[in-house]
Amino acid sequence: MKRLTILVALAITISIPTFADVTAVSVKGTVGAIVAKKMQPISAGMTLPDDATIVTGANSEVTLSVNNGVLTLKSLTTAKLSGVSVTPSSSKAALALRSGTVVSEVKQIQGLKTSFTITTPVGTSSVRGTSHTVSYSTERGMGVVVTSGLVAVSSGRGGTRPVAAGSQYSQDIGAAPPMVTTQTAQAAQEAARPATVFAPPEETALAVASGETPSSVDELVNLVPATQATGLVNVHILFP
């Protein structure tokens with residue numbers, strides 16, 4: 001009976017998800033995390049909760065270690081983590097990309113069922129063991145470029161499409177249907193149209209005691225050390 005009790009307890013322990021640490025591997029420039037409705041600076045080696053919203057400034061980026069994957073949030077990116085957990089048999093993580101670009105590399109580990117998703121307002125990219133890049137802006141919509149492996153991309157309008165290495169997926173904000181093209185064909189299309197840039201992260205509503213709602217960009221500026229006598233601020237203005 002005692003042996004049976006130990007086996008049952010062990011089985012229960014293995015099946016219960018444990019929340020894994022999200023660790024900042026490297027930080028370039030000014031990067032902040034919104035935790036408990038407050039912005040705080042991110043530094044290399046710092047651990048973040050699985051519900052943190054990460055914001056990167058101009059010419060800045062952060063690389064995060066998440067379970068069996070590595071994420072790099074590029075310049076002017078806002079994204080929220082959620083559901084990060086791991087057991088001996090499964091690994092789960094989700095990232096809601098509000099604007100900007102995320103490069104991910106998720107390792108395929110035998111015996112470990114991996115569920116990793118990057119969601120934008122118009123679609124979701126699901127990976128198992130893949131290297132790929134996901135971008136989103138209100139001007140250009142969602143773009144997925146697959147370097148290795150296979151990605152399943154679900155459109156907000158319904159339906160799921162596989163995107164293999166060497167191909168990419170695009171989903172406009174408007175009524176245009178999703179497209180899957182090779183990277184060579186996409187490069188030709190990009191060269192034929194004027195270059196645009198991703199807009200700065202949209203303002204994030206932050207509840208504060210004073211009732212004010214400063215933007216995430218304003219909060220990020222406040223993270224710059226006050227001891228600096230001079231500084232450089234990049235302002236991006238987009239006209240309709």
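Residues Tyr136 and Arg98 share a closest heavy-atom pair of CD2-O, 3.2 Å. Pairing each heavy atom of Ser26 with each of Ala44, the nearest pair is CA-CB, 4.3 Å. Contact between Pro88 and Leu112 at its shortest, heavy atoms only, is O-CD1, 3.9 Å. When every heavy atom of Ala152 is checked against every heavy atom of Thr160, the shortest pair comes out as CB-CG2, 3.9 Å. Across all their heavy atoms, Ser43 and Val27 have their closest contact at C-CG2, 3.8 Å. Of all non-hydrogen atoms in Thr101 and Ser135, the two that sit nearest each other are OG1-OG, 3.0 Å.
Side-chain contact check for Val134 versus Ser104: every heavy-atom pair is 4.5 Å or farther apart. Looking only at side-chain heavy atoms (C-beta outward), Val55 and Met39 come within less than 4.5 Å of each other. Considering only heavy atoms from C-beta on, Thr120 stays 4.5 Å or farther from Gln171 through its side chain. Between Pro41 and Met46 there is no side-chain heavy-atom pair separated by less than 4.5 Å. Between Leu95 and Val66 the shortest side-chain heavy-atom distance does not fall below 4.5 Å. Side-chain contact check for Thr130 versus Phe116: every heavy-atom pair is 4.5 Å or farther apart.
Residues Leu73 and Val70 fall into different hydrophobic clusters, defined by Ile, Leu, Val, Met, Phe, Trp and Tyr side chains chained together at heavy-atom separations under 4.5 Å. Under the 4.5 Å side-chain heavy-atom criterion for Ile, Leu, Val, Met, Phe, Trp and Tyr, Ile173 and Val153 are members of the same hydrophobic cluster. Val103 and Val62 fall into different hydrophobic clusters, where Ile, Leu, Val, Met, Phe, Trp and Tyr are joined by side-chain heavy atoms under 4.5 Å apart, directly or via other members. A continuous path of ILVMFWY side-chain contacts below 4.5 Å connects Val144 to Val122, so both sit in one hydrophobic cluster.
Not one N or O on the side chain of Thr124 forms a donor-acceptor pair closer than 3.5 Å with the backbone of Thr119. Using modelled atom types, no side-chain atom of Thr23 and backbone atom of Val25 make a donor-acceptor pair closer than 3.5 Å. Panel note: side chain Asn68, backbone Lys107; a donor-acceptor pair is recorded below 3.5 Å. Remark: side-chain polar atoms of Thr56 are paired, donor with acceptor, to backbone N or O of Thr77 under 3.5 angstrom. Using a distance-only test at 3.5 Å, with no hydrogens or angles considered, no donor-acceptor pair links the side chain of Asp50 to the main chain of Val22. One N or O on the side chain of Lys80 and one on the backbone of Asp51 form a donor-acceptor pair closer than 3.5 Å. A donor-acceptor pair under 3.5 Å is formed between the side chain of Ser60 and the backbone N or O of Thr30. Between the side chain of Ser75 and the backbone N or O of Gly57 there is at least one donor-acceptor pair closer than 3.5 Å.
Residues meeting the side-chain hydrogen bond (donor to acceptor under 3.5 Å, both in side chains) test with Ser90, sequence neighbours left out: Thr87.
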Show your working on side-chain contact (heavy atoms from CB on, under 4.5 Å) between Ile54 and Leu48 and close with a plain yes or no.
CA-CA 10 Å; Ile54 297 96; Leu48 302 172; 4.2 Å; yes
Before you tell me yes or no, could you show the steps for Ser99 and Ser137 under side-chain hydrogen bond (donor to acceptor under 3.5 Å, both in side chains), namely the whole-Å CA-CA distance, both residues' side-chain angles and the distance that decides it to 0.1 Å?
CA-CA 5 Å; Ser99 63; Ser137 76; over 6 Å; no
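Note that NZ of Lys74 is 12.0 Å distant from CG of Asn59, once rounded to the nearest 0.5 Å. Annotation: the span from Ser148 atom OG to Glu105 atom CD amounts to 7.0 Å, rounded to 0.5 Å. Expressed to the nearest 0.5 Å, how far OG1 of Thr72 lies from CG of Leu64 amounts to 7.5 Å. Annotation: the span from Met142 atom CE to Asp172 atom CG amounts to 12.5 Å, rounded to 0.5 Å. Note: Ile109 CD1 to Ser89 OG = 12.5 Å, rounded to the nearest 0.5 Å.
Results of the side-chain contact (heavy atoms from CB on, under 4.5 Å) test with His132 over Val127, Val163, Val145 single out Val127 as the only residue that passes.
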